[in-house]
Structure formats: C-alpha cells, structure tokens
Amino acid sequence: MSKPTPNIPPERPNESPSNKQDGTVEERVDTTLPDAQPVVDEVEDTSATPATNVSLISGNSKPRQYKVNNPSFFMQRGYQVLLVLGLIAAFFLVMVYQTLFGRIEQPQQMVTIEPGQTYYGLLPQWQQQIPLFSAGVAKLYIKSQVDAPLHAGTYKLPENPTIAEALQILGQGAKAAMVKVQIIEGKTSKDLYQALRDNDKIEKEVLTADSDNASIAQALDLTGVLPDSVANSSDPIVNYNLEGWFAPDTYYYGEGTSDKKVLTDLYNRQQQVLTDAWENRAPNLPYKSPYEALVMASIIEKETSVADERPLVSAVFRNRLNKNMRMQTDPTIIYGMGSRYDGNIRRKDINEKTSYNTYQIDGLPPTPIALPSAASIEATLHPADSEALYFVATGNGGHKFTNSLAEHNQAVKDYLSVMREKKSQTPPQ
C-alpha cells in the first residue's frame, strides 16, 4: 500500500536552496498561531455563520453601540426657536429698562416749557443720549401714566434724570396756576427787578421797598461772584451791581413763587451758559475771566439785534482791544448816564467821563450793561475771522463793517445820507 503524497507548501521567496536538504521536506510550524489546528478537508455549512463582526476589522474588542433616543430634527429646531425668542425677550426688557430708567447726562438745571409744547416733543433729547432708548416705549409709558397735558412753566430737573423722574416733575405743573415772567434780551437787571415788583402773583422776599444793589446781592448770596472792584466801588451804579447775571427768557412759575427763587434760577441758568461757553472758547481772546466775557456779551447784545452780525461785532471789539484802542460804543455812554438818559446822546455826554463811558476809559466797563442772551455770550467767545475795526448803521437795517478809518468815515456819510432821504420822504405831522 503506497503512502499518500504529502502536501508540500510552495517555495517562499525568502528561502534559499541552501536551506533545503537532499529532497527532504522540512515541516514548518507557524509560531504565530499557538493553537494550530490540523487541516480538515471538510466543507463547513456557512448558512448558520453570523455576519462578520466589524470589531474584527476595526480591532475594537467591543461591538459598536448606537443611540436609540436621539432628539429629532424638529425637537432641535424647537430649542433653537426658544433660544431666539429668549434673546428677543431679553433685548426688549433691556430696551424698556433703558427707556424708562436710563439716565441722560446733564447737570441739575432749569427747564422752561413754552405754551404748546408736548411731552412727546421732549423725547428726542433722551433718544439721542440714551442707548437703546425707544420712543415708542416712552410714548406708551406717557400715555399710560400721564393724564394731563404738559403745562408751560419753569421746572428744576435733577442731575442725570431718567424720563420717569422728569415726567413726575413736569406733571406737577398741572397742580398749580402758572405766572408768566418775561425778560427780553438787552433789558437790564433794573428792568427785571421792576417786572417782578409789579407782578402781584410773585411773593416779594428780596425786592422790598428799600432794597438796593448791595442788599439784593446779599439776599441772593451772590456777593462772591462779583470782582472786588465792583463790590468795593464808590460809584452807586457799580457797587454790588448784578447786571448781566440773569438769563433773559420767558419763564413760568407757580403763583406764590418768591422773587428769590426766580432770581436764583435765572442766575444759575446764566452761570451755566457762561461756564459752558468759556470752557469751549476760541484761543487768543483778550478776556482774562468769564466775567469780562459777560461784560463784552452785554455790549454786543446792545449793539445789534441781527443774529448774523453778533460774531462780526465781537470781532471788531476783540480787534480794538488787542490794538489797545478804546471801544467807543454808545450803549456804554447811556448806561453810565443812568436815569439822566432821555433818549439822546449829546456831545457833552460823549465827553463826560463816567465809570462806563468807553469813549473816555480804556478797556471794558466795570460791569455788564445789560442782560445778554446765550447767543451773545457764544459770539463773544467765538468772534468772526475778521480784521474790521469799525462799524456803523446803514440806515436800512444792519451795519457796515470796515477795516480803516477812511472807510468808516465814508460809511458814516452814507448813513447820514440815507437818513436825510428818509426824513425828506416822511410826510409832515
């Protein structure tokens, strides 16, 4: 019986002939398989064999796990919608809070409400200065909280107020009858005092029958704002004169308000206007203090009522002061004459040396000569870019500004010619 021929494995490339011995088949053992199984020439039934385990391919000994409870697409979208709605709600709440409780940055100040003004008209100021301020939210708040129209009057708003605080203060105007106090630009403090004395709805606390400049300054506790040269002057017009320190405007106060409160409010307002303008003044001005600027502003107020001319008038006086020229302005003659002024300036009045006559004194007069407006204060501290040294009325409104004396003299002749022509055309009375 013959022996079966053994299965000889194919020759491997790395095996050289020197490894073989005389036709003898060397039995090789694969050490990579510790438990070598004998070859079985049987065909196994693969119908019951499970699918290949992926872990055998990936090298992971544990089978991969799959989540069964993943949120659906719609649930994820729902969370996103809720998040967006939450952000919108938070933004709306912040906007409402900022609108009603956001603070506008401003000092404590007097605010005058004119007849016909509305609460809604006050909103732009808040809208410009408060982030996320909503005019719509503010209007809804006003509509729900305010049941009376805005009353004309003068109100004191606190420092950095919210709209809620401001509305509460402004709403108090409906509870009191209001008194009108009108002070026109260019009028004097004497005119102001008389207007308050004549108003029988203003309580007299300061402006008594025997009050004078010194007693008024002391009653208002304003003696410290005056230069020593004014407080200690022997001239009765100059001594303790508070001229210029009260802001001209139209004000409304509740009946029974004291004259002390009115005067104090007008002083505080003028002080604030002057301080703000001084801090932002143009360079190289000839004024050493805000008070000197106030003096100049009062002269500009008296010299022209044309708004566009104020910076030019300011430039003329600045140029004259810088050249050590006398100002030579007629309103200072009139103020120095006091009650003696009858509507005319004569040669003797020009030649009279008073504390105020700038034809006879150098530099500025000792005090303002009128109550200047905020516009005149601003023009004083921001004069026009002009080299003019003279100006004279044209006779047709406004003034002619010139740089030389010869031009000025011609402008004077032109003015006199216009006035003669107008006089000739005037029918006899």
Side-chain angles (χ1 to χ4, degrees), residues 92-185 187 192 195-205 246-273 276 371 373-375:
F92 180 75
L93 290 175
V94 172
M95 182 176 65
V96 171
Y97 180 85
Q98 283 291 96
T99 299
L100 301 183
F101 304 105
R103 297 189 177 277
I104 181 172
E105 293 186 4
Q106 66 180 31
Q108 177 179 292
Q109 60 179 296
M110 303 301 300
V111 174
T112 298
I113 303 299
E114 303 291 347
Q117 280 189 272
T118 66
Y119 285 103
Y120 295 158
L122 304 176
L123 299 183
Q125 183 181 9
W126 270 272
Q127 194 165 15
Q128 291 175 2
Q129 299 191 35
I130 297 180
L132 299 181
F133 184 93
S134 169
V137 172
K139 289 179 180 180
L140 289 175
Y141 181 79
I142 292 172
K143 189 173 183 180
S144 64
Q145 298 296 320
V146 178
D147 55 4
L150 181 61
H151 281 244
T154 300
Y155 303 85
K156 180 181 289 186
L157 293 184
E159 181 180 5
N160 303 333
T162 66
I163 189 173
E165 293 171 344
L167 291 177
Q168 182 180 12
I169 293 171
L170 296 174
Q172 297 173 0
K175 302 176 183 178
M178 307 305 288
V179 179
K180 182 178 180 180
V181 178
Q182 185 175 26
I183 307 301
I184 301 173
E185 295 92 341
K187 292 294 185 179
L192 169 60
L196 294 178
R197 286 189 177 104
D198 293 342
N199 195 323
D200 58 2
K201 296 179 180 179
I202 297 293
E203 181 183 346
K204 310 305 182 292
E205 183 179 347
F246 305 107
D249 208 334
T250 300
Y251 303 90
Y252 295 86
Y253 286 91
E255 288 187 13
T257 300
S258 70
D259 56 0
K260 181 175 183 178
K261 175 173 175 53
V262 174
L263 292 172
T264 300
D265 288 348
L266 270 59
Y267 165 78
N268 288 335
R269 184 168 180 176
Q270 192 77 317
Q271 175 72 270
Q272 187 64 53
V273 169
D276 291 344
L371 302 178
S373 63

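Residue indices begin at 1 and follow the sequence shown. Everything numeric here is computed off the predicted structure, so don't read it as measured data.
- Taking 4.5 Å as the limit, some side-chain heavy atom of Leu192 sits within range of a side-chain heavy atom of Leu263.
- Note that CD of Glu255 is 8.5 Å distant from CG of Asp200, once rounded to the nearest 0.5 Å.
- With rounding to the nearest 0.5 angstrom, the CD atom of Gln270 is 8.5 Å from the OG atom of Ser373.
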Would Ile163 and Leu123 count as a side-chain contact (heavy atoms from CB on, under 4.5 Å) here? Give the steps. CA-CA 9 Å; Ile163 189 173; Leu123 299 183; 3.5 Å; yes
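- Contacts of Tyr252 classified as ring-ring contact (aromatic ring centres under 6.0 Å, His included), with partners at least two apart in sequence or in another chain: none.
- Counting all heavy atoms, side chain and backbone alike, Phe101 lies closest to Thr162 at O-CG2, 3.3 Å.
- Counting only distance, with no hydrogens or angles, the side chain of Asn199 and the backbone of Ala195 share no donor-acceptor pair below 3.5 Å.
- Between Thr250 and Thr112 there is no side-chain heavy-atom pair separated by less than 4.5 Å.
- In this structure, CG in Leu196 is found 10.0 Å from OG in Ser258, a value given to the nearest 0.5 Å.
- Ion pairing between Lys261 and Glu203 fails under the 4.0 Å rule for side-chain N and carboxylate O.
- Expressed to the nearest 0.5 Å, how far CG of Leu150 lies from OH of Tyr119 amounts to 5.0 Å.
- Taking the side chain as every heavy atom from C-beta outward, Gln108 and Pro161 never approach each other to under 4.5 Å.
- Closest non-hydrogen pair, Tyr141 versus Ser144, comes out as O-OG, 2.9 Å.
- Taking CG of Asp249 as the start and CD of Glu185 as the end, the distance is 7.0 Å to the nearest 0.5 Å.
- Counting heavy atoms of neighbouring residues, nucleotides and ligands inside a 6.0 Å radius, atom NZ of Lys187 does not exceed 12 of them.
- Closest approach of Phe246 and Tyr267 over heavy atoms only: CD2-N, 3.9 Å.
- Under 3.5 Å, the side chains of Gln272 and Asp276 contain a donor-acceptor pair of N or O atoms.
- Rounded to the nearest 0.5 Å, atoms CG (Asp259) and CZ (Arg197) are 8.5 Å apart.
- Within a 6.0 Å radius of CD in Glu114, more than 12 heavy atoms belonging to other residues, nucleotides or ligands are found.
- Between His151 and Ile113, every side-chain heavy-atom pair lies at or beyond the 4.5 Å cut-off.
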Go through the steps to decide whether Tyr251 and Asp265 satisfy the test side chain to side chain donor-acceptor pair (under 3.5 Å), and finish with yes or no. CA-CA 10 Å; Tyr251 303 90; Asp265 288 348; over 6 Å; no
